[in-house]
Amino acid sequence: MSSPEPDPRRWRALAVCLIAGFMTLLDVSIVNVALPAMQRGIGASSAELSWVVSGYALTFGLVLVASGRLGDDRGRKKMFMISLALFTLTSVAAGLAPNAASLVVFRLLQGAAGGMLNPQVIGFIQQLFQGRERGRAFGLFGAAIGISTAIGPLLGGLLLEWGGQTDGWRWVFYVNVPIGVAALVLGARLLPRDTASEGEKRPLDAIGAVLLGGAVVAVMVPLVLSERDPASAPWWLLAVAVVLLVVFVFWERRARRTHGHPLVNFALLRTRSYALGTSLGLLYFAGFTAIFFVVTLFLQNGRGYTPLEAGLALTPFALGSAVSSAIGGRLVSRLGKPLVVGGLVLVALGLIAVDVVLRLDPALVGWAIAGPLLVAGIGSGFVIAPNQTLALEEVPPREGGTAAGVLQTGQRVGSAVGISAVGAVFFGQLTSTGGDWALAISRGLVGAVAFVVLALVLGVIDLLLGRRRAADPGSPAIAEAPAASVGNGLSGHVTDPTGSAVGGATLTLVDPDGREAATAAADDDGAFRLDPAGPGRFQLVTRADGHPPTVAWVDVPHGGRAVRDVVLGAPEPSTAG
């Protein structure tokens, strides 16, 4: 990991990452409105259309964790540039596809390229930003997620209006080309250079990558195939997934003992904030993604909206999410988990209101649901980015890409689960009632709300556990997890200039009068937590054998905690060798 860049350069590098992340996530939703045009243009069957949509999510999720590890170990900039170039090229190929079969193949390759790219984006945020600035950066990334997901149908509708109802679908892919080329040029100039030398590279756990990839495929294939016909999906693959996951866990433990570099560091999953944040993200994305799936189908097929009109109807959600994501990124360091819980409440209330409005079956349904969708969008912005910030705040920068890969794999699996479950309810109701679109969308929204409520329950449990541990500093949970960020204090990780954890480092807080306020030792993963008696401004002194000491001023807030990672200098000449 390189040391933090000067401030303006870091934010320019973030802009490049957001452009690339926006482009790959846009392709999750923009294709939905172009499916009828693909049927007319190249005669795609229903099964082929399903693979165009679901295959992207499948290969996207398949490569996330392994790609995150490659970025961590072989260089994020290198992986970013390669992945972005592949994504741009496969977008061109998909737009030029002469038939449905080739379109499916190129779409699968495009999803894999997108899955290779996204962990690098989050890894760069982990690398370049700390503390409150990291929250702001994740807030902007959350805005990119919200906007790309919600604006996809609108942009797709505009492109179809411009390109025609037969070949307009090709521009859904061509639109990525100028964006991708611009991001490649800017990325080459603005992203920080990779600094790891050959000797610092950790071995890639290829067998672990194959086992985990196979498990992801075995989970997602029946889910994506069940969107329209649950009875025909190969559900037996779920048992295969369980077996592969068990073998993966045993193999990773063996890799840890053998060479110390497994694909996934299971110590991350023992960090409460990361484990619960990943689980909450899975449940929320199950409900969040399914909303657009069923509402877009309802507006176009049930109410005769054009793709452009359907996209416009969903725009309030995008606007609300974009604004609140940026705000949430600034507030998360101060409010923490309550911000996420409040956002989930707003999403649930907004979706319930949408259901109530649709039950009334108003004539101008698009206008009628605009207000509730705006409320849900505002809530969504307070969930995605803050939850991601809180889930990753205790992850060492060296593990940033891998942790992001696991987190996003959970989101992709959640999306597949949500679309499968909500889609099954939606289409099942439509079939049983002989085409009652109003009742079908109502039942579908109930299913989406159920996932959001489950995420809310998990968020409340996490919040209560955090408060209980803050009230009982001697609880075993805190003793076992010294990096837990609870109560009034300071937490973070100590790393060397390459991003490797520095275990055993000694950290001391010194008040302005020169008195020692708190001291602690970093654990094997470099994690630490300091708990002074009260808030204030302190000097943080960090020492470790073989490294020059570092001194920096830090602010510990009242009734909360600050996050500050420490990067020690290169080994001193007298102890380096």
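Put simply, the side chain of Tyr305 does not reach to within 4.5 Å of the side chain of Leu312, judged on heavy atoms. The shortest distance between side-chain heavy atoms of Leu490 and Phe528 falls below 4.5 Å. Under the 4.5 Å side-chain criterion, counting only non-hydrogen atoms from C-beta, Leu464 is in contact with Val460. No side-chain heavy atom of Val242 sits under 4.5 Å from any side-chain heavy atom of Leu238. Looking at Leu244 and Phe248, their side chains never come closer than 4.5 Å, going by heavy atoms from C-beta outward. At a threshold of 4.5 Å between non-hydrogen side-chain atoms, the residues Gln388 and Ile122 count as touching. At least one side-chain heavy atom of Lys337 sits under 4.5 Å from a side-chain heavy atom of Leu390. A 4.5 Å side-chain heavy-atom check between Leu140 and Trp11 finds at least one atom pair inside the cut-off.
What you find for Gln120 and Ser67 is that their closest heavy atoms are NE2-O, 2.9 Å. Considering every non-hydrogen atom in both Ala34 and Val172, the closest pair reads CB-CG2, 3.9 Å. Across all non-hydrogen atoms, the minimal contact from Val375 to Leu346 is CG1-O, 3.8 Å. Contact record, Val425 with Gly444: CG1-N, 4.3 Å, taken as the closest heavy-atom pair. Residues Phe141 and Val121 approach most closely at CE1-CG1, 3.6 Å, considering heavy atoms. Closest approach of Val52 to Arg107, counting heavy atoms only: O-NE, 2.6 Å.
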Step by step, work out the side-chain contact (heavy atoms from CB on, under 4.5 Å) result for Asp355 and Val449. CA-CA 10 Å; Asp355 184 26; Val449 171; over 6 Å; no

Decide side-chain contact (heavy atoms from CB on, under 4.5 Å) for Val295 and Ile441; before the verdict, give the C-alpha distance in whole Å, the side-chain angles of both, and the deciding distance to 0.1 Å. CA-CA 7 Å; Val295 172; Ile441 187 62; 4.2 Å; yes

Could you go through the side chain to side chain donor-acceptor pair (under 3.5 Å) check for Gln429 and Asp436 one step at a time? CA-CA 8 Å; Gln429 193 67 44; Asp436 189 338; over 6 Å; no

Could you give me the CA-CA distance, side-chain angles and deciding distance for Met116 and Leu64, then say whether side-chain contact (heavy atoms from CB on, under 4.5 Å) is met? CA-CA 6 Å; Met116 291 167 60; Leu64 281 168; over 6 Å; no

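A donor-acceptor pair under 3.5 Å is formed between the side chain of Thr59 and the backbone N or O of Ala112. No donor-acceptor distance shorter than 3.5 angstrom exists from the side chain of Ser442 to the backbone of Ala438, with no hydrogens or angles considered. With hydrogens and angles disregarded, no donor-acceptor distance shorter than 3.5 Å links the side chain of Thr24 to the backbone of Gly114.
Note: Leu430 CG to Leu439 CG = 9.5 Å, rounded to the nearest 0.5 Å. Atom CD1 in Ile369 sits 11.5 Å away from atom CG in Leu364 (nearest 0.5 Å). Once rounded to the nearest 0.5 Å, the distance linking CG of Leu282 with CG of Leu458 reads 10.0 Å. Atom CD1 of Ile378 sits about 10.0 Å away from atom OG of Ser321, to the nearest 0.5 Å. The CD atom of Glu309 lies 9.5 Å from the CG atom of Leu299; values are rounded to the nearest 0.5 Å. Between Thr278 atom OG1 and Tyr274 atom OH the span is 4.5 Å, to the nearest 0.5 Å.
The ring-ring contact (aromatic ring centres under 6.0 Å, His included) search around Tyr284 returns Phe288, not counting sequence neighbours. Residues satisfying the side-chain hydrogen bond (donor to acceptor under 3.5 Å, both in side chains) criterion with Arg303, sequence neighbours excluded, are Asp361. For Phe298, there are no ring-ring contact (aromatic ring centres under 6.0 Å, His included) partners two or more places apart in sequence or in a different chain. When the ring-ring contact (aromatic ring centres under 6.0 Å, His included) test is applied to Phe60, the partners found at least two apart in sequence or on another chain are Tyr56. In this view, Phe124 satisfies the ring-ring contact (aromatic ring centres under 6.0 Å, His included) rule with no residue, not counting sequence neighbours. Annotation: side-chain contact (heavy atoms from CB on, under 4.5 Å) contacts of Ala376 (sequence neighbours excluded): Phe317, Leu351.
A side chain to side chain contact (heavy atoms under 4.5 Å, CB included) with Leu344 is found for exactly one of Val457, Leu283, Asn387, Leu456, namely Leu456. None of Val340, Ile461, Asp462 except one satisfies the side chain to side chain contact (heavy atoms under 4.5 Å, CB included) rule with Leu280; the exception is Val340.
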